[in-house]
Amino acid sequence: MDSQDIFGLLDKVRAEKPLIHHITNYVTVNDCANITICAGASPVMAHYPDDAEEMAAIAGALVLNIGTLSPELVDAMIIAGKRANETGVPVILDPVGAGATKIRTESTFKILKEVRISVIKGNAGEISVIAGTGGVVRGVDSGGISGEPLKAAEACSDLTGATVLMTGPTDIVTDGRRSYSVSNGHPMMGSLSGTGCMAASLCGSFAPVADDLLISSLAAAVTFGIAGEIAGSSCRGPYSFRTELFDTLFRMKRETIERYADFRTI
């Protein structure tokens with residue numbers, strides 16, 4: 001892989017301004033919309049099943065987030081996901097809290113059974129639950145895993161056929177054959193609700209402008225991590241961090257990504 005493939009994708013997002021359809025939770029929906037705008041893409045939130053199905057067909061990507069589940073929402077995700085599959089639109093799944101409760105776990109596997117997912121973005125516990133490698137999830141937070149994070153991420157990719165972004169102090173991105181670690185980021189990202197949801201929105205924003213979902217997911221993780229690093233170095237607490245995070249991503253240039261990018265093959 002040429003690193004230039006990573007560095008130039010944010011400019012492509014801004015040039016092409018893809019429409020990113022979200023069916024997401026009500027806790028972080030506004031943050032997901034705004035981080036998508038700051039990246040240069042165009043968000044739309046469409047949950048009503050008929051609306052969701054039509055919107056999925058014209059979007060650049062579809063982002064599904066199970067953070068605040070209801071039966072109607074799962075049905076809408078499956079309807080929209082199937083339509084996205086028919087039209088070649090990449091589908092990003094954020095399995096928030098999978099493993100924490102029976103209904104979240106069952107809903108995650110129901111969506112995976114019905115919809116061909118392109119990218120799964122989750123924490124180590126969520127990814128390990130999907131992979132069947134012994135993940136623990138408390139609420140929406142990872143409670144740890146019993147094995148190696150890379151093996152769990154690769155197993156999740158092998159099982160689902162999706163590219164996997166496992167977030168944490170060090171992110172892992174893999175398609176089961178090629179794997180990278182990303183060391184960009186800042187501890188403040190764990191002090192603000194919604195950063196994981198925002199990472200999924202950026203995976204959706206980058207997916208339509210790349211030929212390779214591993215590259216687009218890696219670029220999303222690197223770019224978001226750099227924004228967090230820069231924002232965390234000057235903030236006074238979680239809420240000033242939130243403002244700095246949005247502003248930093250909005251102002252970010254290719255030169256900044258080239259300077260701060262910290263990823264490697266593993």
Side-chain angles (χ1 to χ4, degrees), residues 17-37 39 41-123 126-127 129-130 137 139-140 156 159-165 193-208 213 216-217 220:
K17 203 176 178 60
L19 179 66
I20 310 304
H21 176 195
H22 291 70
I23 303 178
T24 187
N25 72 73
Y26 54 70
V27 177
T28 64
V29 60
N30 187 244
D31 286 334
C32 290
N34 282 322
I35 205 73
T36 301
I37 294 170
S42 178
V44 62
M45 278 56 183
H47 292 185
Y48 185 73
D50 288 348
D51 188 33
E53 182 178 25
E54 192 173 348
M55 193 68 74
I58 62 172
L62 170 65
V63 178
L64 307 177
N65 177 308
I66 70 164
T68 49
L69 274 177
S70 70
E72 295 78 13
L73 207 60
V74 174
D75 289 344
M77 290 180 182
I78 291 173
I79 290 169
K82 286 183 174 179
R83 185 68 178 130
N85 287 167
E86 291 171 358
T87 53
V89 172
V91 183
I92 288 76
L93 174 64
D94 189 345
V96 180
T101 65
K102 180 180 178 183
I103 194 65
R104 287 174 186 264
T105 306
E106 288 180 349
S107 296
T108 296
F109 282 105
K110 182 177 182 181
I111 293 168
L112 285 167
K113 181 180 179 181
E114 299 284 345
V115 179
R116 187 171 64 256
I117 299 297
S118 309
V119 179
I120 300 174
K121 192 292 310 170
N123 62 38
E126 293 159 351
I127 296 300
V129 165
I130 295 173
V137 178
V140 297
C156 181
L159 191 66
T160 62
T163 293
V164 171
L165 167 56
S193 69
T195 50
C197 304
M198 290 184 252
S201 292
L202 292 184
C203 285
S205 299
F206 281 75
L213 290 170
S216 66
S217 301

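Side chains are part of it too, since the values below use all heavy atoms of this structure and drop only hydrogens, waters and symmetry mates.
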- For Asn85, check side chain to side chain donor-acceptor pair (under 3.5 Å) against everything at least two apart and list the hits. none

- Message: With heavy-atom distances below 4.5 Å as the criterion, would you say the side chains of Ile117 and Ile111 are in contact?
- Response: yes

- Under 3.5 Å, side chain of Ser205 to main-chain N/O of Ala41, donor-acceptor pair present? no

- Across all chains, not counting sequence neighbours, the side-chain contact (heavy atoms from CB on, under 4.5 Å) partners of Ala52 are His21, Ile23, Ala80

- Partners passing salt bridge (charged side-chain N to carboxylate O under 4.0 Å, His left out) against Glu72 (at least two apart in sequence or in another chain): none

- Message: Going by side-chain contact (heavy atoms from CB on, under 4.5 Å), name the residues that satisfy it together with Ile37, two or more places apart in sequence or in a different chain.
- Response: Asn34, Pro43

- Message: Can a donor-acceptor pair be found, under 3.5 Å and without considering hydrogens, that links the side chain of Ser217 to the backbone of Cys203?
- Response: no

- List for me each residue that meets salt bridge (charged side-chain N to carboxylate O under 4.0 Å, His left out) alongside Lys82, sequence neighbours excluded, and say none if there are none. Glu114

- Message: Please enumerate all residues that pass side-chain contact (heavy atoms from CB on, under 4.5 Å) together with Ala207, with sequence neighbours excluded.
- Response: Pro90, Ile92, Leu213, Ser216

- Item | side-chain contact (heavy atoms from CB on, under 4.5 Å) involving Ser193 - partner list, sequence neighbours excluded | none

- So which pairs with a foot in residues 50-62 pass side-chain hydrogen bond (donor to acceptor under 3.5 Å, both in side chains), sequence neighbours left out? none

- Query: Thr28: what forms a side chain to side chain donor-acceptor pair (under 3.5 Å) with it, not counting sequence neighbours?
  - Reply: Asn25

- Please identify each residue that fulfils side chain to side chain donor-acceptor pair (under 3.5 Å) with Ser201, with sequence neighbours left out. His22

